[in-house]
Amino acid sequence: MQANTHAGKNRRYWTIISPVISVEEALEKVLSYVAVLGPEEKPILDCLGQVLAEDVYSTIDVPPLDNSAMDGFAVKAEDTGGAGEPSPKLFTVVDEVAAGSLASREVEPGTAIRIMTGAPLPQGADTIVRFEDTDEVVRKSSGGDVSQIGVLRQVEKGLNVRCKGEDIARGALILRKETVLRSSETGVLASLGYSTALVIRRPIVSVLATGDELVNIGQPLPPGKIYNSNSYSIAAQIRHYGGLPKILGIGRDSVCSLNEKLDEGMDSDMLITSGGVSRGDYDVVKDVLAERGEIALWTVCMKPGKPSAFGVIMNGERQILHLGLPGNPVSSMVTFEQFARPAILKMMGKKNLAKPCVQAVIEDDVTNTDGRRIFARVRVTKHGEQYHAYLTGPQGSGILTSMARANGLAIIPEDTEGVKAGDMVKVQMLDWSEDLILGE
Ligand code: AMP
Ligand code: MG
């Protein structure tokens, strides 16, 4: 490792130029700089995908009262003793109760209260007899008296009664700290009456595109220029993984322009730059970033991907993690997946940082000429029980449409000369959530 202090220029910055490192080494280094962020309290619906920052206990019983699991009649079970089709037991119907209201009478021996599903069990009753187990329907259809009903079978005490607290008991631990809130956990919180939750906050991630050739979207395209697509693919990736992107716009290849943009990103938890970190050229991006903190230039053993940069920027005492992604649009997206994505997930308190993978039969040859790990853009489909991966087209690092057609990145190991059609490969599934726990 070589430290370059730019001697003679009287600068306090430093740049480290590292040898070629593996994807795993690079990820380990990035993650060693990432800490889990602090908590925030928010409306439960805004917490989707975030991680609980505290254990959640129930302050109520669910259901809050004993209630009926069926439409029928609330009775005392012992009063049904000896009931049968030939010899129904007669009950006087003294009241009717629907879900949401309380009966105004008690059930006494020989009486019944007509009750709907979800309605609280009336005082004195211990059992619900379903309509089907009474002669009410027959009485109604023959225009008979329904102030009395006949129960057609003997029932056990507690039948069709949902007991207070049977789902959730007051005081019970319901959701553990570190649980990822999905739709069902959101429902559980709502069922307990919680309108807000304490969750690990989302990271603010600033995105700075660099290059004199870049033009903002929505503007005419002058000759020699290209649209800034990276800011948008990166911001979309940040949002996809739960972060809050802050687009800083385009930094020109000048110290003044870049510093101005970086000032706007000082409130963020992470800064992502795209472009301008090639090792060979003397790009100002490296110099400016080094002057504000520390930067290491990496050649990660991957394709597409090199070169990239990593470091920290100081905002007073606070360190902001900086990832410098390569400018080529596919390289930027693929390196984001490998390094920025896990960093964001870790900041959000997620434990499962690995991309869900499948084993698939690759249907095209891929040649590995320079001993780097290839992330090949593929479309994975399943035939029967077997996954198959097809290259989505030309694999140049500027060809973003083949990334758009892909749903996975097939990994061709660095220590092979490639794969032949029919070989098995491991494929990172781009749109599968890390929150899934899947075998391979
Ligand atoms: P660089 O890493 O700055 O040398 O850029 C490598 C390639 O990526 C060049 O062809 C750039 O024009 C292109 N590029 C850099 N930044 C962007 C961007 N924000 N959007 C689209 N292409 C870019
Ligand atoms: Mg550039």
Side-chain angles (χ1 to χ4, degrees), residues 23-24 26-27 30-31 34 47-52 178-186 199-200 202-203 205 232-245 272 302-305 323 325 329-364 366 373-393 395 400-413 419 423-440:
V23 173
E24 284 76 15
L27 178 60
V30 169
L31 291 179
V34 175
C47 299
L48 196 62
Q50 285 179 265
V51 170
L52 266 183
E178 298 182 352
T179 300
V180 179
L181 296 181
R182 304 168 305 156
S183 324
S184 43
E185 284 81 11
T186 309
V199 288
I200 305 292
R202 299 177 183 280
V205 185
Y232 297 91
S233 51
I234 293 170
Q237 286 177 301
I238 293 166
R239 193 173 285 175
H240 179 86
Y241 292 110
L244 300 170
I272 295 181
M302 62 185 281
K303 186 177 168 179
L323 282 182
L325 306 184
V330 178
S331 311
S332 134
M333 290 196 76
V334 173
T335 46
F336 182 105
E337 287 293 337
Q338 307 314 315
F339 308 116
R341 177 193 59 82
I344 289 173
L345 296 178
K346 184 173 176 188
M347 283 188 219
M348 292 183 67
K350 304 239 174 156
K351 293 280 187 261
N352 201 359
L353 308 184
K355 199 85 202 145
C357 289
V358 296
Q359 293 290 338
V361 177
I362 189 123
E363 298 293 345
D364 300 279
V366 182
R373 185 176 307 179
I374 298 176
F375 291 89
R377 282 147 266 171
V378 293
R379 184 98 208 148
V380 175
T381 54
K382 198 174 186 191
H383 310 309
E385 287 305 300
Q386 184 63 61
Y387 289 107
H388 297 260
Y390 302 83
L391 291 184
T392 55
Q395 298 285 313
L400 201 48
T401 49
S402 59
M403 188 71 186
R405 280 192 292 271
N407 62 357
L409 296 172
I411 299 173
I412 317 301
V419 290
D423 287 349
M424 293 301 289
V425 291
K426 186 172 168 181
V427 184
Q428 292 184 342
M429 298 306 292
L430 285 168
D431 300 312
W432 290 11
S433 167
E434 287 73 6
D435 300 333
L436 288 171
I437 313 255
L438 286 180
E440 281 185 17

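Keep in mind that this is a model prediction, so the values were computed, not measured.
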Nearest heavy-atom pair of Val30 and Ala343: which atoms, and what distance?
CG1-CB, 4.1 Å
Heavy-atom closest pair (Val427 atom, Ala389 atom, distance to 0.1 Å) is CG2-CB, 4.2 Å
Does CZ belonging to Arg405 count more than 12 external heavy atoms closer than 6.0 Å?
yes
Would Phe339 and Leu27 count as a side-chain contact (heavy atoms from CB on, under 4.5 Å) here? Give the steps.
CA-CA 6 Å; Phe339 308 116; Leu27 178 60; 4.1 Å; yes
Search all heavy atoms of Gln50 against all heavy atoms of Ile200 and return the closest pair with its distance.
NE2-O, 2.8 Å
Using salt bridge (charged side-chain N to carboxylate O under 4.0 Å, His left out), reason through Glu434 and Lys350 one step at a time and then give a plain yes or no.
CA-CA 9 Å; Glu434 287 73 6; Lys350 304 239 174 156; over 6 Å; no
Checking Ile374, Val378, Leu430 against Leu409 for side chain to side chain contact (heavy atoms under 4.5 Å, CB included), the one that qualifies is Leu430
Partner of Ile344 under side chain to side chain contact (heavy atoms under 4.5 Å, CB included), chosen from Leu244, Leu353, Val205:
Val205
Using a 3.5 Å cut-off and no angle test, enumerate the donor-acceptor pairs between side-chain atoms of residues 329-338 and protein atoms at least two apart in sequence or in another chain.
unit_1 : atom_1 : unit_2 : atom_2 : d
Thr335 : OG1    : Ser331 : O      : 2.6
Thr335 : OG1    : Ser332 : O      : 3.2
Glu337 : OE1    : Tyr241 : OH     : 2.8
Glu337 : OE1    : Lys355 : NZ     : 3.4
Glu337 : OE2    : Gln237 : NE2    : 3.3
Glu337 : OE2    : Tyr241 : OH     : 3.2
Gln338 : OE1    : Gln428 : NE2    : 3.1
Gln338 : NE2    : Gln428 : OE1    : 2.9

Below 4.5 Å, heavy atoms only, C-beta onward: do Lys426 and Gln359 meet side chain to side chain?
yes
Quick one: which residue pairs count as a salt bridge (charged side-chain N to carboxylate O under 4.0 Å, His left out) with a foot in residues 375-385, not counting sequence neighbours?
none
Which heavy atom of Thr392 sits nearest to which heavy atom of Ser402, and what is that distance?
OG1-O, 2.6 Å
If every non-hydrogen atom of Ile272 is compared with every non-hydrogen atom of Ala340, which pair is closest and at what distance?
CD1-CB, 3.9 Å
Working to the nearest 0.5 angstrom, can you tell me the gap between His388 NE2 and Thr381 OG1?
6.5 Å
With side-chain contact (heavy atoms from CB on, under 4.5 Å) as the criterion, how do Val361 and Met424 come out once you've worked through the C-alpha distance, each side chain's angles and the decisive distance to 0.1 Å?
CA-CA 5 Å; Val361 177; Met424 293 301 289; 3.6 Å; yes
Going through the distances and angles, do Glu185 and Thr179 end up as a side-chain contact (heavy atoms from CB on, under 4.5 Å)?
CA-CA 9 Å; Glu185 284 81 11; Thr179 300; 3.9 Å; yes
Which atoms form the tightest heavy-atom contact between Ala410 and Val425, and what is the distance?
CB-CG2, 4.2 Å
Check: Arg202 and Arg239 side chains under 4.5 Å, non-hydrogen atoms:
no
